[in-house]
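Remarks on the structure that follows.
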Amino acid sequence: MASEGGAGTEPSGRRELARRRIWNGWIAICATTAAVTVPAAFVLDLPSTTRIALELIFTVMFGVDALVTWRARDFASDSLLIPGLSRVSQLVVDLLAAAPFELLAGGSLLQILRVLKLQRVAQLFRLWRLNEIRRTAVLRLVFFLYWMALLTHWLACGWIALRGPAPDPGNFHRYVAGLYWCVTTLSTVGYGDVTPENDAQRLYAMATMMLGVGVYGFIIGNVATILAHIDPGRVNRLHRMEQLSTFMAYRNIPPALRDRIGAYYRHLWQRRLDHDETEILGRLPPGLRTDVTLFLKRDLLQAVPMFREAGDGFLREIALEMKPVVFMPGDHVIWAGDHGREMYFISRGTVDVLSPEDGVTVLNRLGQGDFFGEMALLENAPRGASVRAVDYCDLYRLDAHLFERILAAHPTVAAEIRAQAQARRSMRQD
Ligand code: CMP
């Protein structure tokens with residue numbers, strides 16, 4: 001029942017998946033309640049009606065769950081906590097957790113077997129971590145806190161049991177006192193105001209302290225890693241920032257250039273352009289890679305009128321081939337007279353096309369959805385004008401050989417680019 005990967009994406013499959021999730025969530029809540037109440041019932045005076053009600057609920061729920069798990073079609077090995085645990089062993093574990101030992105053998109330690117149902121919680125946590133790819137570090141932290149809270153509760157119950165009947169009245173006070181001792185001992189603070197009074201208590205306190213040291217070490221060792229994983233982008237950015245400032249100091253970069261470098265990186269981070277997507281996309285299968293790329297470049301693909309009319313095949317091809325580049329205000333994207341190896345599409349920002357004669361007169365201003373740099377590629381001639389960024393420009397670059405291939409394969413797009421180039425040429429000649 002714990003497996004959540006088997007159901008398809010059809011509506012009935014989705015409904016089945018939703019039903020499983022709700023059931024698994026409910027069983028996890030019951031298992032957690034059992035893990036809290038069963039040890040507590042040993043050391044605190046719970047009313048018998050509460051005990052019997054809980055016993056019935058756990059028995060029925062865990063019994064149904066044992067049956068459902070036994071009958072599940074996709075009792076796959078990946079749904080198991082312990083690899084190799086057979087269907088029969090799983091049934092035995094489930095039945096032991098479901099057995100009403102409180103009613104059958106009241107007061108016996110066998111009742112503790114209910115806690116075996118936590119195996120289902122561990123399975124669910126494992127599946128959740130496998131399926132959830134967005135917040136794995138946060139989940140790790142939450143699961144750790146969950147197990148820590150249960151451990152603290154069990155140790156507190158153990159301490160209350162060892163202390164024996166106390167003169168202080170009420171369950172609540174006894175429990176809070178036990179929890180207080182447990183937290184101070186586990187956290188290795190140990191105020192010393194509650195001290196063990198006999199050998200059994202001393203041994204228990206020693207074991208708890210040693211456990212506390214281990215847990216404490218684990219927390220110290222892991223918190224930094226967990227925090228780093230919560231926002232790896234930020235950590236990467238800080239790391240790169242440090243590298244950059246070391247480099248600038250070491251190479252004595254002048255303040256004006258430093259400011260420009262800083263402004264460039266701020267722009268990249270604001271626009272989330274600072275990570276190399278090609279590597280991440282490269283790990284995806286081709287079909288998925290194309291769909292993700294189309295999604296990432298949707299702003300440009302929607303902004304360029306000629307792309308909107310071109311077919312899906314063209315969009316896929318061009319989306320995969322175009323590479324994002326950023327230019328800062330005042331930067332030259334193209335210098336007149338240079339050899340042309342690529343053309344550009346404007347995703348965001350504005351550029352000025354400057355006269356090749358004086359390099360200052362603005363011939364034209366191009367904005368979002370426009371393209372430039374096509375003339376040198378079409379005519380196999382040097383760049384006919386300079387192009388300068390007016391503000392921050394997010395462009396997509398298309399290399400010459402891909403440009404030629406795409407033109408050959410898509411004649412309508414080729415005709416449009418040629419017509420645009422012709423119009424610009426005649427504008428320059430006027
Ligand atoms: P290319 O000659 O490769 O490099 C400079 C680019 O500026 C050129 O291609 C055209 O894309 C673009 N360009 C040239 N003249 C004009 C114009 N009058 N209007 C708009 N764009 C132009």
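Bear in mind the structure is a predicted one, so any value in this text is a computation, not a measurement. Counting begins at 1 with the first residue of the sequence. Each ligand, and each atom within it, is numbered from 1 in the order the structure gives.
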query: Checking side-chain hydrogen bond (donor to acceptor under 3.5 Å, both in side chains) for the pair Glu55/Gln111: CA distance, chi angles, key distance, verdict?
result: CA-CA 10 Å; Glu55 184 77 346; Gln111 285 167 249; 5.6 Å; no
task: Determine, stepwise, if the pair Arg126 / Gln123 fulfils side-chain hydrogen bond (donor to acceptor under 3.5 Å, both in side chains).
output: CA-CA 5 Å; Arg126 188 169 149 268; Gln123 273 180 350; over 6 Å; no
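For ligand 1, the polar-atom distance check against Gly384 finds a nitrogen or oxygen pair separated by under 3.5 Å. The shortest N or O to N or O distance between Phe371 and ligand 1 is not below 3.5 Å.
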Distance-only donor-acceptor pairs under 3.5 Å for side chains of residues 310-317, two or more places apart:
{"from": "Glu317", "atom 1": "OE1", "to": "His410", "atom 2": "NE2", "distance (Å)": "3.1"}
{"from": "Glu317", "atom 1": "OE2", "to": "Arg405", "atom 2": "NH2", "distance (Å)": "3.4"}

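The shortest non-hydrogen separation linking Ala263 to Tyr392 is CB-OH, 3.2 Å.
Of the protein's non-hydrogen atoms, Ala385 O, 3.4 Å is the one closest to atom 5 (C) of ligand 1. Summary of contacts: the protein heavy atom closest to atom 4 (O) of ligand 1 is Arg383 CD, 3.4 Å. The closest protein non-hydrogen atom to atom 1 (P) of ligand 1 is Ala376 N, 3.7 Å. Here the protein heavy atom with the shortest distance to atom 6 (C) of ligand 1 is Gly373 N, 3.8 Å. If you check which protein heavy atom lies closest to atom 14 (C) of ligand 1, you get Arg428 NH1, 3.5 Å. Atom 17 (C) of ligand 1 has as its closest protein heavy atom Arg424 CG, 3.9 Å.
Within the listing of ligand 1, atoms 7 (O) sit less than 4.0 angstrom from a heavy atom of Val387. Per-residue contacts place Phe372 under 4.0 angstrom from the following atoms of ligand 1 (heavy atoms of the residue considered): 11 (O).
The aromatic rings of Tyr344 and Phe327 sit perpendicular to each other, their planes meeting at more than 60°, with 30° as the lower class boundary.
Screening residues 241-257 for side chain to side chain donor-acceptor pair (under 3.5 Å) gives no qualifying pairs among residues at least two apart or on separate chains.
Ring-centre distance between His153 and Tyr175: below the 6.0 Å cut-off. Trp269 and Tyr265 have their aromatic ring centers within a separation under 6.0 angstrom.
Salt-bridge formation is detected for the pair Glu342/Arg383: a Lys NZ or Arg NE/NH1/NH2 atom is positioned less than 4.0 Å from an Asp or Glu carboxylate oxygen.
Here Leu377 has no heavy atoms under 4.0 Å from ligand 1, in either its backbone or its side chain. Looking at Glu374 against ligand 1, both its backbone and its side chain come within 4.0 Å, counting heavy atoms. Under 4.0 Å from ligand 1, the heavy atoms of Met427 that appear belong solely to its side chain.
Here atom 16 (C) of ligand 1 lies nearest to Val353 when heavy atoms of Asn364, Asp338, Val351, Val353 are compared.
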